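Bear in mind that the values here come from a model prediction, so they are computed numbers and not experimental data. Numbers here are sequence positions counted from 1.
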Amino acid sequence: MRTANWIYTLTLLTSLISAPAMATDADTAIKASNLSFEYAINTGNADALSGLYTADAVLLPPTDETLAKPAAIRQFWQKAMEDGMRNVKLANFDLRIEGDTAYQAAIWSAETIASNGETLLIGGNMLNIFSRQADGSWKPRMQSWN
């Protein structure tokens, strides 16, 4: 009985110590993914941007579209950049990790060019659902924003 209690205690302590480390690793990886997202848009690189998503990703932009193919996602972002989207910034609001899935609520902001040439500041809320990849990286599988 004493051995079983000792093994249980050791297992519990190990899980308590490793869980925050795993969460911190995921948090760091998702923040890096956000920075890659910002960089790809801000440098006008639609190929790099579309490569940040899982192969089965779904985007739900505020345009009432549902984009479920990599080519459609790339085309959407290419058009957004051609229309003047720039200086995109993402800020985590909340991040919850459950196994190989992470749920991120974020605040986003960007600049865009109005039809009259005026620079407009836009922004809103964003929800991302990330999936952990085989290599340990995290990629958005679903994304929606207003």
Side-chain angles (χ1 to χ4, degrees), residues 3-114 119-146:
T3 303
N5 286 340
W6 185 82
I7 291 171
Y8 172 77
T9 302
L10 184 60
T11 302
L12 179 62
L13 287 174
T14 301
S15 68
L16 290 173
I17 291 168
S18 64
M22 287 171 47
T24 301
D25 290 345
D27 184 60
T28 301
I30 289 169
K31 285 179 183 174
S33 177
N34 289 343
L35 289 172
S36 295
F37 181 87
E38 292 173 0
Y39 184 77
I41 288 180
N42 295 335
T43 59
N45 191 337
D47 290 331
L49 185 57
S50 63
L52 296 174
Y53 294 91
T54 63
D56 62 345
V58 175
L59 259 63
L60 302 166
T63 57
D64 295 331
E65 296 173 272
T66 300
L67 307 170
K69 295 188 183 209
I73 292 169
R74 185 198 177 289
Q75 183 178 9
F76 175 85
W77 286 120
Q78 181 66 47
K79 180 162 178 8
M81 291 181 285
E82 288 170 359
D83 289 347
M85 182 176 271
R86 62 180 188 234
N87 295 327
V88 172
K89 300 212 183 324
L90 300 177
N92 273 351
F93 177 78
D94 189 26
L95 181 64
R96 298 177 189 208
I97 300 156
E98 296 178 11
D100 289 337
T101 304
Y103 306 90
Q104 176 195 41
I107 306 296
W108 69 275
S109 64
E111 293 176 354
T112 191
I113 307 298
T119 298
L120 301 174
L121 182 61
I122 58 174
N125 299 312
M126 176 181 270
L127 179 63
N128 291 308
I129 300 174
F130 285 84
S131 294
R132 186 188 329 249
Q133 305 303 291
D135 66 0
S137 65
W138 291 80
K139 290 186 171 188
R141 183 164 183 263
M142 297 189 90
Q143 187 176 65
S144 183
W145 65 97
N146 65 5

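- A pairwise comparison of heavy atoms in Asp27 and Asn92 identifies OD1-ND2, 3.8 Å as the closest pair.
- Closest approach of Leu121 and Glu111 over heavy atoms only: CD1-CG, 4.5 Å.
- With contacts defined as side-chain heavy-atom distances shorter than 4.5 Å, the pair Trp108/Ile122 qualifies.
- Put simply, the side chain of Asn42 gets close to the backbone of Val88: a donor and an acceptor are under 3.5 Å apart.
- In this structure, the side chain of Ser33 does not engage the main chain of Ala29 through any donor-acceptor pair within 3.5 Å.
- For Ala91, the side chain to side chain contact (heavy atoms under 4.5 Å, CB included) test picks out no residue, with sequence neighbours left out.
- Here the CG-CD1 distance, from Asp25 to Ile30, works out to 11.0 Å after rounding to the nearest 0.5 Å.
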Report task. Apply the test side-chain contact (heavy atoms from CB on, under 4.5 Å) to residues Gln104 and Asn34: give CA-CA distance (whole Å), side-chain angles for both, the deciding distance (0.1 Å), then the verdict. Result -> CA-CA 11 Å; Gln104 176 195 41; Asn34 289 343; 2.7 Å; yes
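- The shortest heavy-atom contact between Met81 and Gly44 is SD-CA, 3.4 Å.
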Let me check something: any side-chain donor-acceptor pairs from residues 47-60 under 3.5 Å, sequence neighbours excluded? List them with distances.
unit_1 : atom_1 : unit_2 : atom_2 : d
Asp47  : OD1    : Arg74  : NE     : 2.5
Asp47  : OD1    : Arg74  : NH2    : 3.4
Ser50  : OG     : Ala46  : O      : 3.1
Ser50  : OG     : Asp47  : O      : 3.1
Tyr53  : OH     : Trp77  : NE1    : 3.1
Tyr53  : OH     : Gln143 : OE1    : 2.6
Thr54  : OG1    : Asp56  : OD1    : 2.8
Thr54  : OG1    : Ala57  : N      : 3.2
Asp56  : OD1    : Arg141 : NE     : 3.4
Asp56  : OD2    : Arg141 : NE     : 2.9
Asp56  : OD2    : Arg141 : NH2    : 3.2

Requested in this report: Determine, stepwise, if the pair Thr119 / Ile113 fulfils side-chain contact (heavy atoms from CB on, under 4.5 Å).
Outcome: CA-CA 5 Å; Thr119 298; Ile113 307 298; 3.7 Å; yes
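- When every heavy atom of Trp138 is checked against every heavy atom of Thr101, the shortest pair comes out as CZ3-C, 3.7 Å.
- Ser137 and Asp135 share a side-chain donor-acceptor pair at under 3.5 Å.
- The distance from the CG atom of Leu120 to the OG1 atom of Thr112 is 6.5 Å, given to the nearest 0.5 Å.
- The structure places CD of Glu38 at 11.5 Å from OG1 of Thr43, a figure rounded to the nearest 0.5 Å.
- With hydrogens and angles disregarded, no donor-acceptor distance shorter than 3.5 Å links the side chain of Asp100 to the backbone of Arg132.
- Within the model, atoms NZ of Lys89 and CZ of Phe37 stand 13.0 Å from one another, a figure rounded to the nearest 0.5 Å.
- Shown here is Lys139, whose NZ atom has more than 12 heavy atoms of other residues, nucleotides or ligands within 6.0 Å.
- Looking at residues two or more places apart in sequence or on another chain, you find no salt bridge (charged side-chain N to carboxylate O under 4.0 Å, His left out) involving Glu65.
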Query raised in the report: What's the verdict on side-chain contact (heavy atoms from CB on, under 4.5 Å) for Gln75 and Leu67, showing C-alpha distance, side-chain angles and the deciding distance?
Result: CA-CA 10 Å; Gln75 183 178 9; Leu67 307 170; over 6 Å; no
